[in-house]
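Just so it is clear, the model here is predicted, and its values are computed rather than measured. If you read the sequence from its start, that first residue is 1, and numbering goes on from there.
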Amino acid sequence: MRVVIVTESFPPDVNGVAHCALQTARHLAGRGHDPLVIAPAAPGAAPDAPGGAGDEYGPAPARAVPAGGGPADGHPDADAPCRVVRVPSLPLPGYPQVRVALPSRRVAAAIAGHRPDLVHLASPFVLGVRGMAAAARLGLPTVAVYQTDLAGYARTYVGAGEAAAWRRLRAVHGAADRTLAPSTAAVRDLERHGVARVRLWPRGVDTVRFRPGLRDAGLRRELAPGGELLVGYVGRLAPEKRVELLAGVCGLPGLRVVVVGDGPSEGALRRALPGAAFLGRRTGPGLARIFASLDVFAHTGPHETFCQTVQEAMAAGVPVIAPAAGGPLDLVDHGRTGLLVPPHDPDALRAAVAALAADPALRAAHGRAGRAAVEDRTWAAVGDRLIGHYGDVLRERTVVAA
């Protein structure tokens, strides 16, 4: 198949949408299909030119590049698994890590030029809407992947706007031949708000990169010179992630909080979490080593449609604490692979951390069970399921046309 992936984010961005879009392109190329990615231009890169690929979890598979090309020569998209078309973009005010695509004729031109069988829209909201419109004009089937709880973000950032966000989501996903949601909670949310033709499509995890064997005694001595237990958070540092809920954990004796990531809330969180170690953005093998060296992984965000970092912690053999909302409900088996706590409840989070900290045998049991639970959730298996969805959509279109 020839597939165009229109994504709101792509590496070097570090987020779930970017990583999933990259893994999708890799899998399609690896299975002999012909993907093309359309994404916002990365910071400092010219539109419609290589603008920053790569992967927070390691380099993409090698592919042929023009002589003299490659990341060292200012062409980081040369390491992407397929051609990447970049369109003009601007940083989101107050949150420069997020870039918003500007209107551009490149979207329609790139889709038409690739002559795809199908258009894949990754978390469509701005660029994806233009991709949807172009696909409709060309009579192409579309698969829209729901990944971002925009209604929850509207509530967090402006205290309102949920209804408007859902109207936008209904319009975008209602026009798609099929919407893929990453968790049963996300499927229910979409269907409850009137989105039809929704199917479940979860995310994969690299169980080779993320594994218990990477636990690093030297790193632990560096982060916990007094032998403290390490309680880690990995993710964006933004208001919707509610990382400040870990403030109570910072007061527990014999523990140290480790925060990995960056974002607009970093300054406030440094003040709110006394004694915490802020490691900044970490990628590749270094990130996997940090995961495996934790004693407990604590996720705090209540608006996760999936929550990839929970899967990565489980793959690393680390017990997980997460809110009993959204994606973690599918991932965490309460009392077996970790603990689920009420969202927005710092006391419940603190109590859960204290319970695991006090019981080494329970931590070890949860860690082993978590690793076992994700061992078959490879990106290859998940990618094949995606190709199956593509095939369903193409067959349905053929039946309608006949």
Side-chain angles (χ1 to χ4, degrees), residues 1-10 17-18 20-29 31-41 47-51 77 80-89 99-148 167-181 190 195-199 201 383 385-402:
M1 288 180 287
R2 299 175 67 83
V3 178
V4 171
I5 301 169
V6 182
T7 178
E8 305 289 337
S9 186
F10 198 69
V17 174
C20 186
L22 176 64
Q23 291 290 352
T24 298
R26 281 180 175 173
H27 186 73
L28 290 173
R31 288 287 191 259
H33 302 291
D34 187 2
L36 168 75
V37 170
I38 302 175
D48 205 20
D77 272 341
C82 64
R83 182 180 170 224
V84 180
V85 173
R86 298 284 184 170
V87 300
S89 69
R99 299 190 68 83
V100 179
L102 297 173
S104 172
R105 296 178 181 177
R106 293 187 180 96
V107 177
I111 292 174
H114 193 62
R115 295 180 289 107
D117 300 293
L118 179 142
V119 176
H120 172 123
L121 306 164
S123 196
F125 194 68
V126 178
L127 186 59
V129 170
R130 296 174 194 135
M132 179 78 78
R137 286 194 299 271
L138 294 167
L140 297 169
T142 53
V143 170
V145 179
Y146 175 69
Q147 290 183 249
T148 305
R167 283 195 297 272
R168 177 79 163 186
L169 288 168
R170 272 194 302 274
V172 174
H173 288 275
D177 290 80
R178 179 169 295 192
T179 287
L180 302 179
L190 289 164
V195 178
R197 301 180 299 282
V198 182
R199 301 290 187 276
W201 180 56
R385 289 178 63 175
L386 176 64
I387 292 171
H389 285 296
Y390 289 171
D392 290 345
V393 166
L394 291 172
R395 282 190 293 273
E396 289 164 5
R397 275 288 185 110
T398 301
V399 169
V400 171

message = Set out, in order, the CA-CA distance, both residues' side-chain angles and the distance that settles side chain to side chain contact (heavy atoms under 4.5 Å, CB included) for L127 and V100, then state yes or no.
response = CA-CA 8 Å; L127 186 59; V100 179; over 6 Å; no
request  = Could you walk me through whether D117 and R2 pass salt bridge (Lys or Arg N to Asp or Glu O under 4.0 Å), step by step?
outcome  = CA-CA 5 Å; D117 300 293; R2 299 175 67 83; over 6 Å; no
request  = Please step through side-chain hydrogen bond (donor to acceptor under 3.5 Å, both in side chains) for the pair Y390 and H120, ending with a clear verdict.
outcome  = CA-CA 9 Å; Y390 289 171; H120 172 123; 2.7 Å; yes
ask   = Would V172 and F125 count as a side chain to side chain contact (heavy atoms under 4.5 Å, CB included) if you check the C-alpha gap in whole Å, the side-chain angles of each, and the deciding distance to 0.1 Å?
value = CA-CA 7 Å; V172 174; F125 194 68; 5.6 Å; no
R197 side chain vs A176 backbone, donor-acceptor pair below 3.5 Å = yes
remark   = Heavy-atom nearest pair, W201 first then C20, reads CH2-SG, 3.8 Å
Donor-acceptor contact present, side-chain E8 to main-chain G128, <3.5 Å = yes
ask   = Would you say the side chain of V37 lies within less than 4.5 Å of the side chain of T7, judging by non-hydrogen atoms?
value = yes
key: Flag side-chain contact, heavy atom, 4.5 Å: V3 against P116   = no
query = Of the options L118, V143, D177, L180, which is the one that meets H389 in a side-chain contact (heavy atoms from CB on, under 4.5 Å)?
reply = L180
inquiry  = I'd like to know whether S9 forms a side chain to side chain contact (heavy atoms under 4.5 Å, CB included) with R99, so could you lay out the CA-CA distance, the side-chain angles of the two residues, the decisive distance to 0.1 Å, and finally the verdict.
reply    = CA-CA 8 Å; S9 186; R99 299 190 68 83; over 6 Å; no
key: Side chain proximity check, M132 to T142, heavy atoms < 4.5 angstrom   = yes
key: Least distance between heavy atoms, A181 atom then V198 atom   = CB-CG1, 4.1 Å
Side chains of I387 and R31 in contact at under 4.5 Å (non-hydrogen atoms) = yes
task = Kindly indicate whether the side chain of V4, heavy atoms from C-beta on, has any atom under 4.5 Å from the side chain of I38.
result = yes
inquiry  = Are L121 and H173 packed together at the side-chain level, in the sense that at least one heavy-atom pair is separated by less than 4.5 angstrom?
reply    = no
task = Please assess V119 against V6 for the test side chain to side chain contact (heavy atoms under 4.5 Å, CB included), listing each intermediate value before the final yes or no.
result = CA-CA 7 Å; V119 176; V6 182; 4.1 Å; yes
request  = Decide yes or no for H27 and P35: does some side-chain heavy atom of the first lie under 4.5 Å from some side-chain heavy atom of the second?
outcome  = no
request  = Could you walk me through whether E396 and R178 pass salt bridge (Lys or Arg N to Asp or Glu O under 4.0 Å), step by step?
outcome  = CA-CA 10 Å; E396 289 164 5; R178 179 169 295 192; 3.0 Å; yes
key: Min side-chain heavy-atom separation V85-L36 under 4.5 Å   = yes
